[in-house]
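Reading through the C-alpha cells given below for one structure.
Note that the numbering runs from 1 along the sequence shown for the chain. Predicted model, so just to flag it, every value in this text is computed and none were measured.
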Amino acid sequence: MTDQAESGASKPVGTRSIDDVDAETKEISSQILDVIAVKGKMSKSGPGVSTCEGAERGKLFLMRHPWSLTGSSDAELMRAMTRLKEDLPKHGWKIVKYGRNSSKAKSLELTADHAEKKFAVNVELWEKDSGGDTNDPTLLVNVVSACYQVPDGEEVDRY
C-alpha cells in the first residue's frame, strides 16, 4: 500500500477516537463498494484495530477493513477494476499502483491513497481458479487508515 499504511508508521497523523476512525473506515468501504457496483457474495468481516508498527500498544492505532466480494464472472470483476481505476480519482483518490502483481496467479491489483482522508485501499482481483487454486472470481479489498493517537485519557482497548 502507501508508505504510511504499508509501514503502519508509528508517527500518528493526528488524534482521533477509535469509534470515529471505525465509522469513517466503514463509510469508505461502502463508497468503494458503490464504485465496484457488482452484486455478489460479500464477506462478513468488519473493521479491526491494529497497532501501528513500532508503537507501544495502548496509545497508537490504525484501522484495517479487509473484505471480499465474489462475483459471477472474471469479466464482471475486471469491469469493476476498470471502474475503480477510472472513478476513484474523481473522489479524491490517487492511483499509486495498477497492474498485474508478482504472485503466482499474476493477479490484477490496484492501490490508491486518499491524502485528505488519510486512508489507503488495495484491491486484488482473483480470477476463477487462479494460481493453481480452485476459487470463484473474487475481489479482495483492504481499506487501511493512517496511524492515529487516541485522545488523552483514552487507551486502545481492543485489537
Side-chain angles (χ1 to χ4, degrees), residues 1-9 13-14 16-53 61-148 156 158-159:
M1 285 215 184
T2 65
D3 293 339
Q4 179 75 31
E6 184 65 30
S7 67
V13 298
R16 291 179 73 184
S17 72
I18 291 173
D19 290 343
D20 186 33
V21 179
D22 181 77
E24 187 172 15
T25 303
K26 289 174 183 170
E27 180 181 315
I28 287 172
S29 284
S30 179
Q31 291 167 355
I32 289 167
L33 180 60
D34 289 347
V35 172
I36 289 170
V38 169
K39 299 253 187 270
K41 183 180 177 196
M42 291 284 302
S43 62
K44 301 279 190 229
S45 67
V49 177
S50 294
T51 303
C52 302
E53 187 176 301
F61 72 97
L62 58 83
M63 196 69 63
R64 294 183 190 276
H65 188 196
W67 50 276
S68 65
L69 173 69
T70 302
S72 62
S73 69
D74 290 340
E76 176 186 48
L77 295 185
M78 189 67 75
R79 287 189 297 273
M81 291 292 284
T82 300
R83 272 193 301 281
L84 286 167
K85 184 175 87 167
E86 293 173 355
D87 291 356
L88 286 178
K90 297 174 189 172
H91 300 281
W93 293 87
K94 179 183 176 190
I95 307 298
V96 295
K97 179 178 168 188
Y98 186 83
R100 298 283 174 177
N101 65 22
S102 60
S103 71
K104 183 178 176 184
K106 302 284 187 237
S107 300
L108 182 59
E109 189 171 359
L110 174 143
T111 303
D113 292 338
H114 199 300
E116 183 184 329
K117 292 185 179 189
K118 298 181 178 27
F119 273 84
V121 64
N122 178 268
V123 183
E124 197 173 324
L125 168 59
W126 283 12
E127 295 172 79
K128 183 169 178 56
D129 301 332
S130 57
D133 294 327
T134 302
N135 61 280
D136 291 324
T138 303
L139 291 179
L140 301 174
V141 180
N142 193 17
V143 176
V144 182
S145 77
C147 181
Y148 288 98
V156 180
R158 60 183 190 205
Y159 286 100

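A pairwise comparison of heavy atoms in Leu84 and Pro89 identifies O-CD, 4.0 Å as the closest pair. Heavy atoms only, all atoms of each residue included: Lys117 and Tyr148 are closest at O-OH, 4.0 Å. Between Trp67 and Ile32, the closest heavy-atom pair is CZ2-CG2, 4.2 Å. Of all non-hydrogen atoms in Met81 and Leu108, the two that sit nearest each other are CE-O, 3.7 Å. Across all their heavy atoms, Ala105 and Ser130 have their closest contact at CB-CB, 3.8 Å. Of all heavy-atom pairs between Ser68 and Thr138, the closest is CB-CG2, 3.9 Å.
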Next on the checklist: Go through it in stages, so that I can follow the logic: the residues are Asp19 and Ser17, the test is side-chain hydrogen bond (donor to acceptor under 3.5 Å, both in side chains), and I'd like the CA-CA distance, side-chain angles, deciding distance and then a yes or no.
Outcome noted: CA-CA 5 Å; Asp19 290 343; Ser17 72; 5.6 Å; no
Next on the checklist: Checking Asp87 against Trp93 for the side-chain contact (heavy atoms from CB on, under 4.5 Å) test, could you report, in this order, the C-alpha distance in whole Å, the side-chain angles of both residues, the deciding distance, and whether it holds?
Outcome noted: CA-CA 9 Å; Asp87 291 356; Trp93 293 87; over 6 Å; no
Checklist entry - Which is it for Met42 and Leu33 under the side-chain contact (heavy atoms from CB on, under 4.5 Å) test, yes or no, and what are the steps along the way? => result CA-CA 10 Å; Met42 291 284 302; Leu33 180 60; 3.9 Å; yes
Item to check | Residue pair His65, Ser29: steps toward the side-chain hydrogen bond (donor to acceptor under 3.5 Å, both in side chains) verdict | outcome: CA-CA 8 Å; His65 188 196; Ser29 284; 2.7 Å; yes
Item to check | Criterion side-chain contact (heavy atoms from CB on, under 4.5 Å) on Val121 and His114, from CA distance to verdict | outcome: CA-CA 9 Å; Val121 64; His114 199 300; over 6 Å; no
Next on the checklist: Between His91 and Gln31, is the side-chain contact (heavy atoms from CB on, under 4.5 Å) condition met? List the steps.
Outcome noted: CA-CA 10 Å; His91 300 281; Gln31 291 167 355; over 6 Å; no
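Separation of atoms CD1 (Ile95) and OG1 (Thr111) is listed at 8.5 Å; rounding is to 0.5 Å. Once rounded to the nearest 0.5 Å, the distance linking SG of Cys52 with CZ of Phe61 reads 8.0 Å. A distance of 10.5 Å separates CD of Glu53 from SG of Cys147, quoted to the nearest 0.5 Å. Atom CG of residue Asp136 and atom CD of residue Glu127 lie 13.0 Å apart, to the nearest 0.5 angstrom. Taken from OG1 in Thr70 to CG in Leu140, the straight-line distance is 8.5 Å, to the nearest 0.5 Å.
The backbone N or O of Ile36 lies less than 3.5 Å from a partner atom in the side chain of Arg83, making a donor-acceptor pair. For Thr25 (side chain) and Val21 (main-chain N/O), a donor-acceptor pair under 3.5 Å exists by modelled atom type. Judged by distance alone, the side chain of Asn142 and the main-chain N or O of Asn122 form no donor-acceptor pair under 3.5 Å.
For the pair Val49 and Met63, the minimum side-chain heavy-atom distance is below 4.5 Å. Looking at Leu77 and Val38, their side chains come closer than 4.5 Å, going by heavy atoms from C-beta outward.
Scanning for salt bridge (charged side-chain N to carboxylate O under 4.0 Å, His left out) contacts around Glu109 gives Lys97, with sequence neighbours left out. Scanning for salt bridge (charged side-chain N to carboxylate O under 4.0 Å, His left out) contacts around Asp74 gives an empty result, with sequence neighbours left out.
Screening Asp22, Val13, Leu62, Ile28 for a side-chain contact (heavy atoms from CB on, under 4.5 Å) involving Ser145 leaves a single residue, Leu62.
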